[in-house]
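Only one structure is covered here, and it is reproduced in the block below.
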Amino acid sequence: QVQLVESGGGLVQPGGSLRLSCAASRSIDIFNVMGWHRQTPGKERELVAAITRGGTTNYADSVKGRFTISRDNAENTVYLQMNTLQSEDTAVYYCKAEISPFGYWGQGTQVTVSS
């Protein structure tokens, strides 16, 4: 069983930046996809950004141009750089690792954007 630990969340002013980290307990290059999802009360969990073993990335339309997903295989860590944050970005952000037929989730980290 893989363990995923997110960090880097917090309270930030609109227009500010945060970088989230997802540290895995084993090599992340075994996973088909690593990604970030987010969820707010009353809404379904949604994909924010994902990266494959081959380096292909995918972003939700709402964050394109503002968020960047990256990975450091040597550190077993995936990052989400979030710039120009808006109040609509407020959510719990979850890291996910996928290898068929399994999927693993972290506990989540809270991001709050408010003045």
Side-chain angles (χ1 to χ4, degrees):
Q1 182 178 356
V2 65
Q3 305 293 321
L4 302 173
V5 180
E6 302 99 329
S7 62
L11 176 64
V12 65
Q13 298 281 348
S17 298
L18 287 173
R19 189 171 83 153
L20 306 183
S21 299
C22 172
S25 61
R26 56 168 129 172
S27 298
I28 61 173
D29 58 4
I30 71 170
F31 296 107
N32 300 326
V33 181
M34 299 288 296
W36 289 94
H37 297 66
R38 67 186 181 187
Q39 187 168 24
T40 58
K43 295 184 178 180
E44 299 294 325
R45 190 172 298 184
E46 65 174 348
L47 173 70
V48 177
I51 186 167
T52 70
R53 292 177 69 184
T56 301
T57 57
N58 184 49
Y59 297 94
D61 288 342
S62 59
V63 307
K64 286 180 180 177
R66 299 188 297 118
F67 290 11
T68 303
I69 188 170
S70 61
R71 66 187 179 210
D72 187 334
N73 290 351
E75 298 293 332
N76 296 334
T77 301
V78 175
Y79 302 96
L80 184 68
Q81 178 66 47
M82 305 186 295
N83 298 325
T84 318
L85 284 161
Q86 305 164 3
S87 60
E88 293 81 5
D89 297 315
T90 296
V92 178
Y93 285 71
Y94 298 90
C95 181
K96 186 181 182 183
E98 300 176 6
I99 180 170
S100 184
F102 303 107
Y104 303 95
W105 292 94
Q107 294 298 306
T109 185
Q110 176 72 48
V111 172
T112 302
V113 185
S114 178
S115 59

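We number each residue from 1, following the sequence as shown.
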Problem - Joint hydrophobic cluster, Phe102 plus Tyr94, side-chain heavy atoms closer than 4.5 Å - result: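 Hydrophobic grouping puts Phe102 apart from Tyr94.
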Handout entry: Within one Ile-Leu-Val-Met-Phe-Trp-Tyr cluster: Val33 and Val2, side-chain cutoff 4.5 Å
Key =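 No, Val33 does not connect to Val2 through the hydrophobic network.
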Exercise for the section: Would you list the pairs meeting disulfide bond (SG atoms under 2.5 Å apart) in which at least one residue belongs to residues 37-86, sequence neighbours left out? Expected result: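 The answer is none; no pair qualifies.
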Problem - Sequence neighbours excluded, every pair satisfying disulfide bond (SG atoms under 2.5 Å apart) that has a member inside residues 55-86 - result: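 Disulfide bond (SG atoms under 2.5 Å apart) check on residues 55-86 returns no pairs.
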Practice task
Start with the C-alpha gap between Thr90 and Thr40, add the side-chain angles, then the distance that decides, and say whether side-chain contact (heavy atoms from CB on, under 4.5 Å) holds.
Solution key: CA-CA 7 Å; Thr90 296; Thr40 58; 5.6 Å; no
Practice task
Over all heavy atoms of both residues, which pair between Glu75 and Thr77 is shortest? Give the atoms and the distance, please.
Solution key: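 Heavy-atom minimum between the residues: O-OG1, 2.8 Å.
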Handout entry: Working for side-chain contact (heavy atoms from CB on, under 4.5 Å), residues Leu4 and Gln107
Key = CA-CA 8 Å; Leu4 302 173; Gln107 294 298 306; over 6 Å; no
Atom pair [atom1]/[atom2] of [X] and [Y] - distance to nearest 0.5 Å:
X: Ile99; Y: Phe31; atom1: CD1; atom2: CZ; value: 6.5 Å
X: Tyr59; Y: Trp36; atom1: OH; atom2: CH2; value: 13.0 Å
X: Met34; Y: Lys96; atom1: CE; atom2: NZ; value: 11.0 Å
X: Arg53; Y: Arg71; atom1: CZ; atom2: CZ; value: 9.0 Å
X: Leu80; Y: Glu6; atom1: CG; atom2: CD; value: 11.0 Å

Is the closest side-chain heavy-atom distance between [X] and [Y] below 4.5 Å?
X: Phe67; Y: Leu85; result: yes
X: Met82; Y: Val63; result: no
X: Trp105; Y: Arg45; result: yes

Show the atom names and distances, to 0.1 Å, of all donor-acceptor pairs under 3.5 Å that link a side chain in residues 7-30 to residues at least two apart or in another chain.
from	atom 1	to	atom 2	distance (Å)
Ser17	OG	Asn83	OD1	3.0
Ser25	OG	Gln3	N	2.9

